[in-house]
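Predicted model, so just to flag it, every value in this text is computed and none were measured. One is the number of the first residue; the rest follow in order along the sequence. Atoms within a ligand are numbered from 1 in the order they appear, just like the ligands themselves.
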Amino acid sequence: MADIIQLLPDHVANQIAAGEVVQRPASVVKELLENAIDAGADAIKLIIKDGGKALIQVVDNGSGMSATDARLSFERHATSKIKNADDLFRLTTKGFRGEALASIAAIAHVELLTKTEADELGVQLKIEGSKLVAQEVTVTPKGTSFCVKNLFFNIPARRNFLKSNQVEFRHITDEFHRVALAHPNIQFHFYNNGSELFNLPKANYRQRIVGVFGAKTNEKLVPVAEETQVVKISGFISKPEFSKKSRGEQFFFVNDRFIKSPYLHHAVVSAFEGLIRSDNHPGYFLYLSIDPASIDINIHPTKTEIKFDDEHTLYAILRSAIKHALGQFNVIPALDFEQDQNLETPYAYQNKQADVPKVVVDADFNPFAKDIPRSKSIPYFEKQTTIGWQNLYVGLESKVGKEADFSSVSFESESISGSIFEDDNLMIDSVTTTFQLKRKYIVTTIKSGMIIIDQSRAHQRVLYESFLKNITIKEAVSQQLLFPLSLSFSKSEIAIILEIKDSLVTLGFAFEAVEDEHIAISGVPLLVPESEVGIVLDQLISDFQMDVPGDSFSQSDIVSKTLSKSLSVKTGEQLDSESQAALVNNLFACKEYKISPFNKPIYITITGDDIDKKFY
Ligand code: ADP
Ligand code: MG
């Protein structure tokens with residue numbers, strides 16, 4: 001048989017490599033910003049149009065390149081940063097693989113302008129799909145400007161795979177945040193579609209974090225500092241009370257490089273254990289300096305995952321550094337931080353957790369007693385008890401609700417029956433005795449046997465439908481606040497709020513002002529307690545973080561879902577019998593009472609026959 005193996009032409013090899021290096025516009029942004037930093041720039045400009053699909057430009061005042069280097073920089077494995085394999089263990093630069101420019105040039109239209117200090121004139125290069133189409137001598141300041149246009153012009157499948165401009169823009173913003181936070185000593189400008197989004201002067205770490213995430217961040221930060229032979233840790237964690245529903249502000253930097261590490265993340269989270277609600281996330285900005293010889297960065301093309309020689313020790317040191325910081329900040333009594341941290345294993349603290357919230361067990365609870373205990377929700381987590389159960393009644397009448405005022409929206413009990421009786425088997429017995437099982441389920445009898453309802457899902461459904469109803473009738477009942485509520489957000493969070501503002505207004509939110517980093521709310525939907533507004537908006541921002549759908553219906557739908565999730569009673573909350581009955585009745589008044597807004601079954605039924613069979 002004839003020989004069949006051949007070497008791939010360079011431009012094909014480059015396109016293949018591009019598949020790994022360039023996933024989306026944000027990858028190009030990352031590579032170009034990192035090159036600018038490696039070139040020693042102290043001022044960098046990022047310019048984006050249409051989510052990076054139309055234009056990505058990075059301008060730096062770094063070393064620049066000679067004409068020959070400029071040409072060579074687009075070759076694969078062309079790098080000025082390492083010379084031999086040993087250098088891989090002494091890396092102090094972001095790049096070293098020499099494949100970013102070759103990859104980008106293989107799948108886009110690239111324009112490069114560059115000049116070194118020594119040269120009088122600079123050079124301009126144009127490359128399209130790996131082909132050099134122009135080279136000219138030109139007047140340009142010292143430094144480099146890369147323009148990347150028409151990304152994936154020659155790979156339609158990849159181009160079609162790109163998300164909306166907003167989504168791509170958000171990915172770019174994330175990359176920008178990471179690079180800007182790692183290098184406070186560099187000035188950054190970021191322009192999006194012609195308007196300036198960030199102007200970050202040279203600063204220290206704290207100022208840079210505040211510059212990126214807004215003035216409100218300052219009061220949240222607790223400094224962390226620890227120096228051992230293995231690692232130097234500095235940076236900040238957010239105070240426990242500022243922990244968030246969204247995972248947004250969590251950053252590890254190792255030797256000035258943003259990295260992802262689920263393992264180290266776990267170390268941080270475990271140091272917060274008992275101090276924050278389990279569904280909340282602590283914020284952190286942690287900078288680790290480690291001997292480059294003890295880490296391996298070259299395990300992934302994007303270099304966001306790295307391998308540490310001694311992960312266990314790092315874990316222990318990090319965890320104790322965070323605990324120490326929290327202790328100094330007086331959140332928890334300082335424990336035994338004086339120990340030699342090098343000796344600690346990650347498990348050393350296992351038996352020392354004191355602050356785990358206790359679930360109160362009601363030992364007297366007897367489901368067969370005639371009079372079921374009437375206590376409302378037992379304090380479990382403070383926040384949760386403030387979610388008024390009373391809100392469930394607003395506008396929705398219950399059979400047993402005596403004192404609620406239903407004048408605003410009256411509920412016709414016939415229509416409850418309507419939906420219950422449609423399905424004969426679900427007919428709730430006229431005796432509305434209900435009881436709560438494991439603070440999670442509500443059990444009651446129906447004609448055919450018994451029904452077990454998941455309280456949280458049922459409440460989600462009730463809230464969800466009432467929010468949707470508000471949206472469709474477009475005259476949501478809004479509750480005017482006596483004093484407008486002022487809340488702070490970062491710029492990118494404000495951008496999300498602006499995008500979903502109309503949907504929020506239809507639901508009953510009233511905005512007095514939306515500014516650069518603040519919003520003032522003068523009205524909230526009737527079902528949303530004032531104390532929950534901040535939490536609810538956090539959750540909304542987190543749910544929309546990756547994508548804000550353009551059409552208002554999908555937006556409203558997501559908003560309604562988020563609100564119903566945030567405001568519903570949770571598993572673990574004790575409900576008195578009135579609340580239980582009201583929930584059951586309100587559930588069966590819903591259009592769709594079988595599945596929760598998140599497509600989970602709300603209840604199960606057990607027929608008399610099923611029970612009989614069990615007794616055989
Ligand atoms: P790497 O960064 O891994 O070396 P790249 O493909 O990103 O590979 O860049 C190739 C080379 O081009 C770099 O090693 C550097 O010498 C040069 N280069 C790239 N961008 C710049 C820039 N903004 N300023 C000066 N030189 C640059
Ligand atoms: Mg590079």
Atom indices of ligand 1 within 4.0 angstrom of [X] heavy atoms, with elements:
X: Ala78; answer: 10 (C), 11 (C)
X: Ala100; answer: 6 (O), 7 (O)
X: Thr79; answer: 1 (P), 4 (O), 14 (O)
X: Gly95; answer: 2 (O), 3 (O)
X: Phe146; answer: 20 (N)

For the Mg ion (ligand 2), check which protein N, O or S atoms are under 2.8 Å away and list them.
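Per the 2.8 Å query on the Mg ion (ligand 2), atoms found are Asn35 OD1.
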
Under 3.5 Å side-chain donor-acceptor pair for [X] and [Y]:
X: Asn35; Y: Glu31; answer: no
X: Gln124; Y: Thr138; answer: no
X: Arg319; Y: Ser270; answer: yes
X: Asn185; Y: Asp42; answer: no
X: Asp119; Y: Thr116; answer: yes

Can you tell me which portion of Thr144 lies within the under-4.0 Å heavy-atom range of ligand 1? Options are side chain, backbone, both, or neither.
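Side chain only.
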
Where does Asp60 meet ligand 1, judged by heavy-atom distances below 4.0 Å: at the side chain, the backbone, both, or neither?
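Within the 4.0 Å criterion, Asp60 contacts ligand 1 through side-chain atoms alone.
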
Does [X] come within less than 4.0 Å of ligand 1, judged by its heavy atoms?
X: Met65; result: yes
X: Gly62; result: no
X: Phe74; result: no

Tell me whether [X] is salt-bridged to [Y], with the criterion being a basic N under 4.0 Å from an acidic carboxylate O.
X: Asp557; Y: Lys561; result: yes
X: Glu499; Y: Arg170; result: yes
X: Lys216; Y: Glu493; result: yes

Protein contact to [atom] [nearest heavy atom, distance to 0.1 Å]:
atom: atom 2 (O) of ligand 1; value: Lys81 NZ, 2.6 Å
atom: atom 12 (O) of ligand 1; value: Ser73 CB, 3.3 Å
atom: atom 6 (O) of ligand 1; value: Leu101 N, 2.9 Å
atom: atom 15 (C) of ligand 1; value: Ser80 OG, 3.5 Å
atom: atom 20 (N) of ligand 1; value: Asn35 CB, 3.3 Å

Step-by-step ring pair (Phe, Tyr, Trp, His ring centres under 6.0 Å) determination, Phe236 to Phe285
CA-CA 5 Å; Phe236 302 89; Phe285 308 85; 7.5 Å; no

Under the rule for salt bridge (Lys or Arg N to Asp or Glu O under 4.0 Å), what residues qualify as partners of Glu128, not counting sequence neighbours?
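Salt bridge (Lys or Arg N to Asp or Glu O under 4.0 Å) list for Glu128, sorted by chain: empty.
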
Between Arg90 and Thr92, is a side-chain contact (heavy atoms from CB on, under 4.5 Å) present by the stated rule, with each step listed?
CA-CA 6 Å; Arg90 295 189 278 267; Thr92 52; over 6 Å; no

Are any of the N or O atoms of [X] closer than 3.5 Å to those of ligand 1?
X: Ser63; result: no
X: Arg97; result: yes
X: Phe96; result: yes

Might you work through the side-chain contact (heavy atoms from CB on, under 4.5 Å) test for His518 and Ser488, ending with a clear yes or no?
CA-CA 4 Å; His518 293 278; Ser488 309; 3.3 Å; yes

Where does the angle between the aromatic ring planes of Phe190 and Phe198 fall among parallel (under 30°), tilted (30 to 60°) and perpendicular (over 60°)?
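Correct class here is parallel.
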
Identity of the nearest option to atom 8 (O) of ligand 1, non-hydrogen atoms only, from Ser145, Gly98, Ala39
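Ranked by closest heavy atom to atom 8 (O) of ligand 1, first place is Gly98.
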
Decide if the gap between the ring center of His183 and the ring center of Phe188 is smaller than 6.0 angstrom.
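Judged by ring-centre distance (under 6.0 Å), His183 and Phe188 do not meet the cut-off.
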
Out of Val148, Val28, Asn154, which residue meets the side-chain contact (heavy atoms from CB on, under 4.5 Å) rule with Ile107?
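Testing each of Val148, Val28, Asn154 against Ile107, the sole residue satisfying side-chain contact (heavy atoms from CB on, under 4.5 Å) is Asn154.
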
